[in-house]
Amino acid sequence: MSTANPTDRGPSRENVASMFDRIAGRYDLLNHLLSANRDRSWRARMISHLPPGNELHVLDLATGTADQLLALYDSGRLRGGIGLDPAEQMLSIGRKKIAGRMLDSVLRLEKGRAERLPFDDNVFDAVTISFGIRNVSDVSTSLQEMRRVLKPGGRALILEFSLPSNSVLRRVYLWYFRSVLPRLGGIISGDRTAYRYLNRSVESFPYGEEFLGLLRAAGFSAPEQYPLTYGIATLYRADKK
């Protein structure tokens, strides 16, 4: 169950895109370093929950440098995919990765926001978002948009940080998030503000049953949650009937 303070809306999301653009060059390194490479296994768990089929058309939101989109492609389950993100410098790095693997014909990146998706209804077999839903300006609208662009029977997969339920582990985790991560992230990226934002955005964001309620309110059917690494992250799965 979420224990996020409902009166704490957390840090402003207004300038999130420019913040990510500032740290784009060190973003991948810091993701792997600060999560002790657990982010790779979490992304793999998301892939294991893709809907049935081997010709999936997938939309990856908050795609950043395209790590999740490329991992989805490497599953062998996609016929094509689109990554969407508001941060142009992040997309630039992602496009270089895609071009370097000569995947331009099957994967493409576009600038855009989850709150207003530039796609028709009922287009995608799956919509994914990894560590980005807490950064949108309007969570409910973004979830509704995800459902809108999914085909009937399509699936939303949302990977996001959460807080461990074990009280001892939670205290250690919060100490790391509040004290170690901002300093280390700031030193490596040159932007300590970005990593102060990270812990504040995670601590104030609804998770667990509270986030499942948001998925239900957006019209998804029987959403489920899968805590990962003792609840440090959670994978949410929700289908469109």
Side-chain angles (χ1 to χ4, degrees), residues 1-11 13 16 23 27-50 61-62 64 67-68 71 128-136 139-140 142-143 146 155-189 192-218 220-239:
M1 180 179 65
S2 170
T3 58
N5 184 349
T7 65
D8 179 10
R9 299 179 60 186
R13 273 69 173 170
V16 166
I23 64 172
Y27 179 78
D28 288 342
L29 169 65
L30 282 161
N31 258 5
H32 304 322
L33 176 65
L34 296 176
S35 70
N37 264 335
R38 295 304 299 168
D39 63 306
R40 298 181 192 271
S41 64
W42 296 336
R43 293 175 194 277
R45 283 292 301 275
M46 173 185 276
I47 292 166
S48 73
H49 285 269
L50 282 170
L61 301 177
D67 268 4
Q68 185 67 71
T128 62
I129 182 168
S130 299
F131 308 111
I133 192 65
R134 76 180 188 284
N135 297 325
V136 303
V139 175
S140 295
S142 298
L143 294 177
M146 292 171 69
R155 178 167 295 167
L157 293 169
I158 300 167
L159 182 59
E160 190 51 85
F161 288 115
S162 48
L163 297 180
S165 58
N166 180 279
S167 60
V168 174
L169 181 57
R170 180 191 292 249
R171 284 196 296 271
V172 173
Y173 178 64
L174 288 175
W175 169 79
Y176 171 76
F177 240 36
R178 293 168 178 172
S179 302
V180 178
L181 187 145
R183 292 189 177 94
L184 184 57
I187 290 169
I188 297 174
S189 70
R192 187 171 177 178
T193 301
Y195 289 88
R196 285 200 301 265
Y197 166 85
L198 174 60
N199 81 277
R200 292 179 61 216
S201 64
V202 170
E203 290 185 51
S204 62
F205 192 74
Y207 65 94
E209 287 296 331
E210 189 175 350
F211 190 75
L212 292 179
L214 294 177
L215 286 164
R216 295 186 193 99
F220 284 103
S221 175
E224 299 177 350
Q225 61 174 320
Y226 302 89
L228 307 174
T229 315
Y230 307 105
I232 288 173
T234 301
L235 174 64
Y236 302 93
R237 188 177 88 179
D239 291 345

Run Asn166 and Tyr230 through side-chain contact (heavy atoms from CB on, under 4.5 Å) and show every step you take. CA-CA 8 Å; Asn166 180 279; Tyr230 307 105; over 6 Å; no

Please round to the nearest 0.5 Å and tell me the distance separating atom CD of Gln68 and atom CG of Leu61. 11.0 Å

Do the side chains of Tyr236 and Tyr207 get nearer than 4.5 Å, heavy atoms only? yes

Considering all heavy atoms, the nearest Gln225-Gly208 contact: OE1-CA, 3.2 Å

Do Leu50 and Arg155 come within less than 4.5 Å of each other through their side chains, counting heavy atoms only? no

Under a 3.5 Å distance rule, please check whether Tyr173 uses its side chain to pair with a backbone N or O of Val168 as donor and acceptor. no

Interatomic spacing from CG in Leu228 to CZ in Phe161 - rounded to 0.5 Å: 11.0 Å

So, for Leu143 and Ile158, which heavy atoms are closest and what is the spacing to 0.1 Å? CD2-CD1, 3.7 Å

Looking at Gly231, is its backbone amide N or carbonyl O close enough to the side chain of Ser162 to form a donor-acceptor pair, meaning the two atoms are under 3.5 Å apart? yes

Considering residues at least two apart in sequence or located in another chain, which fulfil the salt bridge (charged side-chain N to carboxylate O under 4.0 Å, His left out) criterion with Arg40? none

Could you tell me if the side chain of Arg43 sits less than 4.5 Å from the side chain of Asp67, heavy atoms only? yes

Output for pair (Leu157 CG, Ile129 CD1), nearest 0.5 Å, gives 11.5 Å

Checking Tyr226 now: which residues fulfil side-chain contact (heavy atoms from CB on, under 4.5 Å) with it, not counting sequence neighbours? Arg45, His49, Glu224, Leu235, Arg237

Would you indicate whether the side-chain heavy atoms of Phe211 and Leu215 approach each other to under 4.5 Å? yes

Under 3.5 Å donor-acceptor, Arg170 side chain and Pro164 backbone: yes

From CG (Leu163) to CZ (Phe205), nearest 0.5 Å: 12.0 Å

Of the non-hydrogen atoms in Gly132 and Glu160, which two are nearest, and what is the gap between them? N-OE1, 3.3 Å

Correct closest heavy-atom pair for Ser201 and Asn135 would be OG-OD1, 4.5 Å

